Structure formats: structure tokens, C-alpha cells
Protein chains: 2
Amino acid sequence: MTLSEEDYIKAIYHLSEFNSKSVATNAIAEQMKTKPSSVTDMIKKLAEKSLVNYKKYQGVSLSEKGRLVALSIIRKHRLWEVFLVDKLNFSWDEVHVVAEQLEHIKSDALIDKLDAHLGFPKVDPHGDPIPNKDGVFTKSVKKLISELPVGSQGVCVGVNDSSAAFLKFLDKNKISLGDTFKILEIEEFDESVTISTRSGSIRISKQIATNLFLEIVDVE
Amino acid sequence: MTLSEEDYIKAIYHLSEFNSKSVATNAIAEQMKTKPSSVTDMIKKLAEKSLVNYKKYQGVSLSEKGRLVALSIIRKHRLWEVFLVDKLNFSWDEVHVVAEQLEHIKSDALIDKLDAHLGFPKVDPHGDPIPNKDGVFTKSVKKLISELPVGSQGVCVGVNDSSAAFLKFLDKNKISLGDTFKILEIEEFDESVTISTRSGSIRISKQIATNLFLEIVDVE
DNA sequence: ATATTATTTTAGACAAAACTAAAAAATTGT
DNA sequence: ACAATTTTTTAGTTTTGTCTAAAATAATAT
């Protein structure tokens, strides 16, 4: 597989991740920052190799073979992200670009050993699940803290309100994207939530809880 | 820099590492497993970018700029080799192929952090020195144990005699390529040598000492 | 010294992956 | 329903790195 082919497969995977229908040529062109005509050319090549299902003017979808290729690239990408953050002390938001290069390194032994070295992580630093060797993974869901029951656990991946005041609050309370939180208790009276963080547990108001997204795995 | 350009630069560096004269087109073609005509084409491109000094029919040599590019690739290659052996438990002889891919990853921050993570190693698992960011490195020399004075230290990188009997002896005494040895004592009477290994110290006969190569750094 | 051999370069072609411009098909608006 | 618009595909180039075949230069041998 060429580097370029792998990038197309990945793009098609991500574009069909949620709607699961066939993907438009234009959409791929936009994602890949290229022209629709180039996309058509590449799709034909991928169809030749039966990595995608393709009929003229009807868009494309990944074949089962293509889906497994996509998942193996995503597995590599996410494992490298864990490595960069956990072992090399990169921050949460710096790792994507480098991982885009590392994901194309071809060596099964390397990925197996990297996986073991990292302690077989289940999610990457953004809270996204890491597929196993056979492409199996637990889907994750992004939810507001206020929507979650006691006992839930997840990685903080986003905010609803990005006002300076709110970000300042987060900073003061040592809450950063990429942190793992667990819901310990929900106060019936005012719906404030107690969450555990690395540095202890804190109580946050309902208003805060409706502005913080957690990425949850294992919820099915 | 293209992947291909980087490979040519590296090939030219390695071919001129010892004789330091200009390198023949044919030699590069052989190293790169390609045809001389392709080499000429690429050399012209590298000359355009003033990475090499080139005059028709006269061979090529790296410019200072080219030499620094070569050393930065070699730095990356050797750091990754250390990572693969020290952190991922690859063995000595498995790492080269994977490192050939990893050396092309473009990110200064990555290499800096990898270097720190590995504890700023001076040599790779083969005993070859790792250039620093500015391309400075201590040359290494390959010598027989019998040629070295007491106090020398180096990585075992090769054998003179590769008979089954000799290799069996090495195995029995837990001597493997990639091990680091130090010369503790040389017995005047029979020129036998005591060396320290990871698992203690052993005495080897002169015959053994004239059949084991160490790669020595810092001898200059 | 010059004929023979070996090396290196040129010229012309090809495959991969992109592009532009134009044609074909599908979708949308009235 | 059909004209206008949008999307997709085709056709023909371009660039990068390779190739083969042939020409040019250098090295060698008698």
C-alpha cells in the first residue's frame, strides 16, 4: 500500500464513520485537500484492489478489506499518540501531525511491541478507542458531564462554552483537555457533580457540568 | 527533502565515510539498487540544491550542507535504533530495517524528546556514535580485543572467525554481539585478557581476543 | 599510442499521483 | 418537466523517480 492510498482509505473511513452511507467524491477531495478529478483517479485504483465499493457517480464506501486497512492505520496512529504523550511528554494537542507520519511505518512487530510497552492502552490521549490487531474496538461516545450517571469515566475532550471566564475557571481548577475524570456523586438538590481527577476530587456546579464534554468508552 | 533524496544523501555519505574522496556513479547505483542513469539524474537534482559537489564524469561528494543533512538522518536512525532495542526489546540485528523507515519522520521536537527519553545516548546498539544536533560526533574505531590497552571499553560488533565452534564458545560464555565489554587486565605471560561483561567478568585466551572486534568510541 | 573496455551521461519512455479544462451525469428550483 | 446548477468523470498534461538504449568520455592494455 502506498502512503497516498493509505491516506485516502483513512479519509473515506472517517467520512463514513458516522453516516455509514457512501461518501461523495467532493467530500473526499475537500478532506484530502485535492481536486475531485484526482479523487476519481485514486478511487478507481482502490476499486481495482477491491479496497472500496465503487459505481460511477454513486460515491464510494470501504469494502470489508478496506475497513480493516483503515482500522490498522488508526490503531497505529492512536498507539503512537499514546507514546508521544505518555513517554515523550508531548502535550495533548501537539501529537496529531507527528502521528500522521508515524502511522505509515510498516512493521507488525513494531506495533505489537509498542502496544506492550505502553501497557496495552484502550484509548488514545483524545479519549478515542484503539482498535486491536483484528480491528475490534469499543465505540466511544461524547457526552456532557451533566448527562452521565454516577460511575461513568472518560477523557475530557471539549468545552461547550469557550469564553475566557470559563477557560480561566478550568485553569484555576487544574482541569485540562486530555484529563481522565470519574463521576463520583451527583447532588440531587442542585445537580452539582463531584468528579475525581488526578489531583483529588472536586465538586463542580451544574453550569460547569453542562459545559464539559467527556469521551466515554465501554458504554456500548 | 524527498524520501528518495534523503536516501541518496545517506548512501553518498556512507560511501565516502572512509575514503573521503568523490564517489562513483556506479558505486551509488549498486548501493541504491538502481541504475547508473537514474543516479546521474538524481545527482543533478541534488547539485541544483547544492547538497553535493558535482562535475560530469568526476563523481560526487557531499557539500557541507549535504553532510549536515546526512548526519541528521544518521542521528535519527541511530536514536531510533536505541529506542527499539532499549525500550521495545528488539534484538540487536532486527532494528535496522525499521529504523530505515523511522529515520525519515520529520519533526525536530520528536527527535529532541526521543533523545531525552533515551538519556542522551552516545552510541547506537551497534556501537556506532550518534551525532548531536549540530552533526558533531566522536568517530569510532573497530579493533580486535587483542589490540586494545587495559581500560578500553566498547561494543562487541563482530567476529573474525565465524566457525561453528567459535560461535558455540561465545554462546556458552554468554557473549553476544551488541554487548558492552571493558578490558580489565591483560596477562603478560600468555596474553590472555580479562573483560567485564554485564554478567560479571571472564578471562579469554589470546586466541579468542584476536577474534572478537569491539567498536570503540572516544579514542581520538 | 591507440584500440578495447568500462564508466558515465544523454535522450526518450513509463508509471504514479497530481493538475486543468471540458464533457457527462445527477440534482435542484421554479 | 425541464432549465440551471452542481457533482463527477474523462482527456490530456505535469512532475518525480525510475527505466532502456545509445552516445560520450575515461581508463586500460598491448
Side-chain angles (χ1 to χ4, degrees), chain A residues 1-16 19-63 66 69-70 73 100-101 103-104 106, chain B residues 1-16 19 21-63 66 69-70 73 100-101 103-106:
Chain A
M1 292 229 56
T2 325
L3 201 141
S4 196
E5 288 173 350
E6 289 191 351
D7 283 338
Y8 272 96
I9 292 285
K10 205 176 47 142
I12 296 169
Y13 179 88
H14 281 128
L15 288 168
S16 56
N19 60 359
S20 88
K21 301 283 173 191
S22 79
V23 178
T25 305
N26 263 0
I28 300 172
E30 196 178 340
Q31 174 93 4
M32 297 286 298
K33 285 171 184 169
T34 184
K35 304 292 164 182
S37 54
S38 309
V39 174
T40 303
D41 287 346
M42 179 55 88
I43 286 171
K44 282 180 183 168
K45 200 199 298 183
L46 296 176
E48 276 296 313
K49 301 191 178 184
S50 58
L51 291 160
V52 298
N53 308 117
Y54 172 58
K55 266 184 193 158
K56 274 190 189 181
Y57 296 100
Q58 311 262 114
V60 272
S61 60
L62 291 180
S63 68
V69 169
I73 300 167
E100 294 250 274
Q101 294 182 64
E103 73 191 5
H104 296 293
K106 279 159 192 59
Chain B
M1 291 228 57
T2 326
L3 201 141
S4 197
E5 287 173 350
E6 289 191 353
D7 283 338
Y8 272 95
I9 292 286
K10 203 174 50 141
I12 296 169
Y13 180 89
H14 281 128
L15 288 168
S16 56
N19 60 359
K21 300 282 172 194
S22 79
V23 179
T25 304
N26 262 1
I28 299 171
E30 197 178 338
Q31 175 92 4
M32 296 286 299
K33 285 171 185 168
T34 184
K35 304 292 165 182
S37 54
S38 310
V39 174
T40 303
D41 288 346
M42 179 56 87
I43 285 171
K44 282 179 183 168
K45 200 197 301 182
L46 296 176
E48 276 297 311
K49 301 190 178 184
S50 58
L51 291 160
V52 298
N53 309 116
Y54 173 58
K55 266 185 195 161
K56 276 189 186 183
Y57 295 102
Q58 311 263 114
V60 272
S61 60
L62 290 181
S63 68
V69 169
I73 300 167
E100 295 250 275
Q101 293 182 66
E103 73 191 8
H104 297 293
I105 302 291
K106 278 157 194 58

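Letters A, B, ... are given to chains in the order of the sequence lines, protein chains preceding strands, and every chain is numbered from 1. Please read all numbers here as calculations on a predicted model, not as lab measurements.
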Give the rounded distance in Å between these two atoms: [atom1] of [X] and [atom2] of [N].
{"X": "B:Met42", "N": "C:dT10", "atom1": "CE", "atom2": "P", "result": "16 Å"}
{"X": "A:Asp41", "N": "D:dG12", "atom1": "CG", "atom2": "C1'", "result": "11 Å"}
{"X": "B:Tyr57", "N": "D:dA24", "atom1": "OH", "atom2": "P", "result": "9 Å"}
{"X": "B:Lys35", "N": "D:dC19", "atom1": "NZ", "atom2": "P", "result": "6 Å"}
{"X": "B:Asp7", "N": "D:dT18", "atom1": "CG", "atom2": "C1'", "result": "14 Å"}
{"X": "B:Glu5", "N": "D:dT16", "atom1": "CD", "atom2": "P", "result": "9 Å"}
{"X": "A:Ile43", "N": "D:dT8", "atom1": "CD1", "atom2": "C1'", "result": "9 Å"}
{"X": "B:Glu48", "N": "D:dT16", "atom1": "CD", "atom2": "P", "result": "12 Å"}

> NA contact type, A:Thr34, heavy-atom cut-off 4.0 Å: base, sugar-phosphate, or nothing?
Replying inline: sugar-phosphate
>> Does B:Thr40 reach a base, just sugar-phosphate, or nothing at all? Heavy atoms under 4.0 Å.
In response: base
>> Looking at B:Glu5 and B:Lys10, is there a salt bridge between them, counting it only when a charged N and a carboxylate O are closer than 4.0 Å?
In response: no
> Could B:Lys106 and B:Glu6 be called an ion pair, given the rule that one side-chain N must be under 4.0 Å from one carboxylate O?
Replying inline: yes
> Starting at the 5' end of DNA chain C and moving along, which residue's nearest nucleotide shows up first, A:Ser4 or B:Lys44?
Replying inline: B:Lys44
> About how many Å separate CG of A:Leu15 and CE of A:Met32, when rounded to the nearest 0.5 Å?
Replying inline: 10.0 Å
> How long is the span from the OG1 atom in A:Thr25 to the CE atom in A:Met42, to the nearest 0.5 Å?
Replying inline: 13.5 Å
Below 4.0 angstrom from OP1 or OP2 of [N], is there any side-chain N or O of [X]?
{"X": "B:Asn26", "N": "C:dA6", "value": "no"}
{"X": "B:Lys56", "N": "C:dT10", "value": "yes"}
{"X": "B:Tyr8", "N": "D:dT16", "value": "no"}

> Is any side-chain N or O of A:Ser37 under 3.5 Å from a base N or O of C:dT20, one able to act as donor and the other as acceptor?
Replying inline: yes
>> One pair to check against side-chain contact (heavy atoms from CB on, under 4.5 Å): B:Val60 and B:Ser22. What are the steps and the verdict?
In response: CA-CA 5 Å; B:Val60 272; B:Ser22 79; 5.9 Å; no
